[in-house]
Q: 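One structure, pasted below without further comment.
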Amino acid sequence: MRLSRYFLPVLKENPSEAQIASHRLMLRAGMIKQESAGIYAWLPLGYKVLRRLAQIVHEEQERAGHIPLLMPTLQSADLWRESGRYDAYGPEMLRFKDRHDREMLYGPTNEEMITDIFRTYVSSYKDLPVTLYQIQWKFRDEIRPRFGVMRGREFYMKDGYNFDLTREDALHAYNRHMVSYLRTYERMGLTAIPMRADSGPIGGDNTHEFLVLAQTGESEVFYDARVPELKLGERAVDYDDREQVAGICKEFTTLYARTDETHDVKVFEDQVPEEHRRVGRGIEVGQIFYFGTKYSEAMGAVVTTPDGRKVPVEMGSHGIGVSRLIGALIEANHDEKGIIWPEGVTPFHVGIVNLKQGDSATDAACDSIHAALVAAGLDPLYDDRDERAGSKFATMDLIGLPWRITVGPRGLANNVVELTSRRTGKSEEMSAAAAVARIKEIYAAL
RNA sequence: CGGAGCGUAGCGCAGCCUGGUAGCGCACCUGCUUCGGGAGCAGGGGGUCGGAGGUUCGAAUCCUCUCGCUCCGACCA
């Protein structure tokens, strides 16, 4: 992509409404524009990251055997009356009437609707297990939205629902979600720690939240310093292997890690050696629940068992806050100059800075680097504007592409360009071909 | 919803207290110079001062109402 043809409205000055780094940087980098309190337009650069995160979530969910579908954002109040949540859910549920005076709502979550879909089509144990998920916009009319997309009213979320015959099956689904989530966050370059949590309005007795450690997190967290060191890494996971999946969950949830909601000072001090005790803040980026038959009983989602009985299905629901993840990613990856994207989620793989636009040699070198990267299946952003070097560097630093290839007449005289890491700031001179090869290598490893 | 603030050009702000026909920086347009870390000079365009009502000869400025946004708190993925 040539920057001169792209739409990237970067701001030189800090918008006054932004209080935290991620919000400020997303506005300055031209990723989002606020349209109402807690409601944002996703500008091209932000939308690119959002789609990238959604893609990773999709890949990891499908890898775990979960099946994507898409439900409407608008729901009928009747469904919610069946579960009893129409009244139980507070004013953060946005309610309205259509022209026929029918009561509607903008979905804050979809347990009722998915249960309705399930009960319409499934009546035999033979069709179980099944886990369905979607990535869709949700709305919660927060009293006080803040921190940009981290605490918006409208948000993009992956929500998945498992339907199983037995509690054991449902707990396997729970474990499968935990592992697939760990893998998802790792691919995004994040360390998200599963912590025992409260179930809140969804209900249920088995639940973990996934927290990304960050100064600006909304929750206080207490954990064993060895937990953030745990990595799934490259190990092969067979999601049908219950023992393996359960083993991984145990590995990640045995050491102490809790939010302030469930924190127990006594247990913390008993279980965690003093030198490993940590208190910090975290951003919640996902939560998994096992809640059994809460909805299936209320809504008549039953299946016939092999011996002819009818039993309500065992369920759980599992969410990843996709839009909020962008805020969490930036909170965890930025410096005073701007964002620093992990390679796994960057909107463009590499930036190309032409230091002397209009100079035939640098123009030609940039064109050929750009073409070579595109031919390799990569997505470079070529700053071909007639701007001064300083301005181009500042823009690249702000939008945070992990790699930058700088092309100027001075280097070209020696047949070299400069490859710079955004994270370390370190530069290396090499031939254009070598720089392209290096970028290919970096992304091939992902 | 309780408390506190803010709405003046695309962005950041001054002007308001003490009414007199709207200003600064950045951005934008033109020209010249400059050109490896957000350039310099010169010229230029752009605002019914959030909206409605009122007071006044005269309102960005004073009064009333209203809408929007931000911050602190309770609430939340």
Side-chain angles (χ1 to χ4, degrees), chain A residues 9-20 23-24 27-28 30 33-39 89-93 107-110 135-160 181 192 197-202 207-212 217-219 259 261 282-289 317-328 337-338 353-359 362 383 385-399 404 406-413 416-418 420 425 427 429:
Chain A
V10 301
L11 270 33
K12 204 162 167 179
E13 290 175 87
N14 282 324
S16 58
E17 76 260 26
Q19 302 300 309
I20 61 169
H23 188 194
R24 189 169 64 238
L27 290 166
R28 283 196 53 207
K33 176 183 182 294
Q34 177 165 319
E35 295 296 344
S36 263
I39 299 178
Y89 226 98
E92 71 256 33
M93 182 154 76
T109 176
N110 286 60
I135 302 179
Q136 176 63 295
W137 293 97
K138 308 283 191 298
F139 194 92
R140 291 185 195 170
D141 199 0
E142 298 290 342
I143 297 167
R144 184 149 95 83
R146 64 186 117 172
F147 304 149
V149 300
M150 293 239 292
R151 184 75 183 283
R153 292 196 291 171
E154 188 180 47
F155 57 100
Y156 200 46
M157 178 181 170
K158 174 265 167 180
D159 48 321
Y181 280 23
D198 261 351
S199 60
I202 309 266
T207 176
H208 281 85
E209 287 178 339
F210 292 79
L211 280 291
V212 171
E218 75 269 76
S219 315
T259 64
E261 292 172 331
I283 300 165
E284 194 193 328
V285 294
Q287 186 159 11
I288 54 179
F289 298 92
S317 70
H318 318 278
I320 294 181
V322 179
S323 49
R324 121 178 308 216
L325 261 170
I326 298 185
K337 293 182 196 163
V353 169
N354 184 343
L355 290 178
K356 195 166 185 183
Q357 204 67 41
D359 176 274
T362 55
D383 190 344
R385 296 170 306 160
D386 188 16
E387 289 288 332
R388 303 166 64 82
S391 162
K392 292 189 176 190
F393 289 141
T395 298
M396 282 294 172
D397 288 343
L398 175 61
I399 68 173
R404 186 183 83 207
T406 309
V407 182
R410 212 162 72 192
L412 285 183
V416 296
V417 298
E418 204 174 80
T420 307
S427 292
E429 292 196 333

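All chains are named by letter (A, B, ...) in the order of the sequence lines, taking the proteins before the strands, and each is independently numbered beginning at 1. All values below were derived from every heavy atom in this structure, side-chain atoms included, with hydrogens, water molecules and symmetry-related copies excluded.
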Q: Considering residues at least two apart in sequence or located in another chain, which fulfil the salt bridge (charged side-chain N to carboxylate O under 4.0 Å, His left out) criterion with A/E261?
A: none
Q: Rounded to the Å, how far apart are A/R388 CZ and B/U34 C1'?
A: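 My rounded result for the distance is 6 Å.
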Q: Taking atom C1' in both B/G40 and B/C26, compute the distance separating them and give it to the nearest angstrom.
A: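 Their C1' atoms lie roughly 15 Å apart.
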Q: I'd like the C1' distance from B/C1 over to B/U61, given in whole Å.
A: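 Roughly 32 Å separates the two C1' atoms.
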Q: Using the C1' atom as the reference point in each nucleotide, state the distance between B/G31 and B/G45 in Å, no decimals.
A: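 About 15 Å, rounded to a whole number of Å.
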Q: Would you please confirm or rule out a distance under 4.0 Å between OP1 or OP2 of B/G38 and any side-chain N or O of A/K12?
A: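 False: A/K12 side-chain N/O out of range (4.0 Å or more) of B/G38 OP1/OP2.
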Q: Is it true that a side-chain atom of A/K158 and a backbone atom of A/V322 form a donor plus acceptor pair closer than 3.5 Å?
A: no
Q: Rounded to whole Å, how long is the line connecting atom CD of A/E261 with atom P of B/A77?
A: 8 Å
Q: For nucleotides 40-47 of chain B, tabulate all protein N/O to nucleotide N/O atom pairs closer than 3.5 Å, reporting atom names and distance.
A:
none

Q: Searching all strands shown, indicate the nucleotide that pairs with B/A4 (Watson-Crick or G-U wobble; both distances under 3.5 Å).
A: B/U70
Q: Figure out the CZ/P separation between A/R153 and B/C76, and round it to whole Å.
A: 17 Å
Q: Is the shortest heavy-atom distance from the side chain of A/S323 to the side chain of A/M157 under 4.5 Å?
A: no
Q: Heavy atoms only, 4.0 Å cut-off, all strands: where does A/G408 land among base, sugar-phosphate and nothing?
A: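 The residue A/G408 makes base contact.
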Q: I need a per-nucleotide contact map over nucleotides 1-14 of chain B, read 5' to 3'. Cutoff is protein heavy atoms under 4.0 Å; write B for the base, S for backbone only, - otherwise.
A: B---------BSS-
Q: With sequence neighbours left out, what residues match A/R388 under salt bridge (charged side-chain N to carboxylate O under 4.0 Å, His left out)?
A: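 A/R388: no salt bridge (charged side-chain N to carboxylate O under 4.0 Å, His left out) contacts found.
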Q: Tell me if a side-chain donor or acceptor on A/T362 pairs with a main-chain N or O of A/K356 at a distance below 3.5 Å.
A: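 Yes: the side chain of A/T362 pairs with the backbone of A/K356.
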Q: Between C1' on B/G36 and CG on A/D359, what's the gap in Å once rounded to a whole number?
A: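 Taking atom C1' of B/G36 as the reference, CG of A/D359 is at 13 Å.
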Q: Write down the distance separating the P atoms in B/G73 and B/C62, rounded off to the nearest Å.
A: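 Their P atoms lie roughly 31 Å apart.
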Q: Nearest-nucleotide wise, let me know which of A/R324 and A/D397 is further upstream toward the 5' end of RNA chain B.
A: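 The answer here is A/D397.
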Q: Tell me the interatomic distance from A/I399, atom CD1, to B/G38, atom C1', rounded to whole angstroms.
A: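 Atom-to-atom, A/I399 to B/G38, this comes out as 14 Å.
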Q: Find the partner of B/C16: check Watson-Crick (N1-N3 plus N6-O4 or O6-N4) and G-U wobble (N1-O2, O6-N3) distances, both under 3.5 Å, and reply none if neither fits.
A: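 Check on B/C16: unpaired, no WC or wobble geometry under 3.5 Å.
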Q: Any strand counts, and the cut-off is 3.5 Å on both contacts for Watson-Crick or G-U wobble. Which nucleotide pairs with B/C75?
A: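 By the stated definition (distances under 3.5 Å), nothing pairs with B/C75.
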Q: Listed by chain and number, what are the side-chain contact (heavy atoms from CB on, under 4.5 Å) partners of A/S36, not counting sequence neighbours?
A: A/I39, A/R153
Q: Partners of A/E142 by salt bridge (charged side-chain N to carboxylate O under 4.0 Å, His left out), sequence neighbours excluded?
A: A/R151
Q: Among all residues two or more places apart in sequence or in another chain, which pass the side chain to side chain donor-acceptor pair (under 3.5 Å) test with A/S16?
A: none
Q: Pick base, sugar-phosphate or nothing for A/E284, based on heavy-atom distances below 4.0 Å to the nucleic acid.
A: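 Contact class for A/E284: sugar-phosphate only.
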Q: Restricting to side chain to side chain donor-acceptor pair (under 3.5 Å), what partner residues turn up for A/E17, sequence neighbours left out?
A: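 Partners of A/E17 by the side chain to side chain donor-acceptor pair (under 3.5 Å) criterion come out as none, since no residue qualifies.
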Q: What is the distance from CD of A/E154 to P of B/A77, rounded to the nearest Å?
A: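 That distance rounds to 17 Å.
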Q: Are the side chains of A/V285 and A/Y181 in contact, using a 4.5 Å heavy-atom criterion?
A: no
Q: Quick check, does A/F155 stack with B/A77? I mean ring centres under 5.5 Å and planes off by under 30°.
A: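 It does: the ring sits over the base of B/A77.
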Q: Write down the atom of A/K392, the atom of A/N354, and the distance for their closest heavy-atom approach.
A: NZ-O, 2.7 Å
Q: From the set B/A39, B/C76, B/C71, return the single nucleotide nearest to any side-chain atom of A/R146.
A: B/C71
Q: When the C1' atoms of B/C72 and B/U8 are compared, how many Å lie between them, rounded to an integer?
A: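 After rounding to an integer number of Å, I get 27 Å for this pair.
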Q: If I pick the P atom on B/C41 and the same atom on B/A27, what distance separates them, to the nearest angstrom?
A: 12 Å
Q: For A/A389, report the nucleic acid contact type (base, sugar-phosphate, nothing); a contact means any heavy atom under 4.0 Å.
A: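 Sugar-phosphate contact only.
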Q: For B/C62, which nucleotide is its Watson-Crick or G-U wobble mate, given both distances must be under 3.5 Å?
A: B/G54
Q: Look at all strands and tell whether A/G90 reaches a base, only sugar-phosphate, or nothing, counting heavy atoms closer than 4.0 Å.
A: nothing
Q: Going by the rule side chain to side chain donor-acceptor pair (under 3.5 Å), which residues pair with A/R410 if we only count those two or more places apart in sequence or in a different chain?
A: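 So A/R410 forms no side chain to side chain donor-acceptor pair (under 3.5 Å) with any residue.
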Q: Under the side chain to side chain donor-acceptor pair (under 3.5 Å) rule, collect the residues that match up with A/T406, sequence neighbours excluded.
A: A/R404
Q: Going by purine N1 to pyrimidine N3 plus the second Watson-Crick contact, or the G-U wobble pair, all under 3.5 Å, which nucleotide sits opposite B/G31?
A: B/C41
Q: Could you tell me whether A/Q34 contacts a base, only the sugar-phosphate backbone, or nothing, with contacts defined as non-hydrogen atoms closer than 4.0 Å?
A: sugar-phosphate
Q: Under a 3.5 Å cut-off for both contacts, is B/C26 paired Watson-Crick or G-U wobble with anything, and if yes, with which nucleotide?
A: B/G10
Q: If you take atom types as modelled and just measure distance, does the side chain of A/R151 reach the base of B/C76 with a donor-acceptor pair under 3.5 Å?
A: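 By the distance-only test, yes, there is a pair.
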Q: Would you kindly give the CE-to-P distance between A/M93 and B/A77, to the nearest whole Å?
A: 15 Å
Q: Distance check, C1' atoms only: B/C75 and B/G12, in whole angstrom units.
A: 33 Å
Q: So does A/E418 reach the base of B/G36 with its side chain, donor to acceptor, closer than 3.5 Å?
A: yes
Q: Report which part of the nucleic acid A/S323 touches: base, sugar-phosphate, or nothing (heavy-atom distance under 4.0 Å, all strands).
A: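 The residue A/S323 makes no contact with any strand.
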Q: Check whether the side chains of A/T207 and A/Q287 place a donor and an acceptor atom closer than 3.5 Å, and report yes or no.
A: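 Indeed, the side chains of A/T207 and A/Q287 share at least one donor-acceptor pair under 3.5 Å.
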Q: When only distance counts, do a donor and an acceptor, one from the side chain of A/R404 and one from the base of B/G37, lie under 3.5 Å apart?
A: yes
Q: Applying the Watson-Crick and G-U wobble criteria at under 3.5 Å, what pairs with B/G47? Answer none if nothing qualifies.
A: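 WC or wobble partner does not exist here.
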Q: Quickly work out the A/D386 CG to B/C35 C1' distance and round it to whole Å.
A: 10 Å
Q: With the criterion being N/O to N/O and under 3.5 Å, what pairs connect the protein with nucleotides 30-33 of chain B, and how long is each?
A:
none

Q: State which of B/G36, B/C71, B/A27 makes the closest approach to the side chain of A/Q19.
A: B/C71
Q: Tell me, please, which residues at least two apart from A/K138 pass salt bridge (charged side-chain N to carboxylate O under 4.0 Å, His left out).
A: A/D159
Q: For B/C17 and B/C63, measure between their C1' atoms and round to the nearest Å.
A: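 Straight-line distance between the two C1' atoms is 15 Å.
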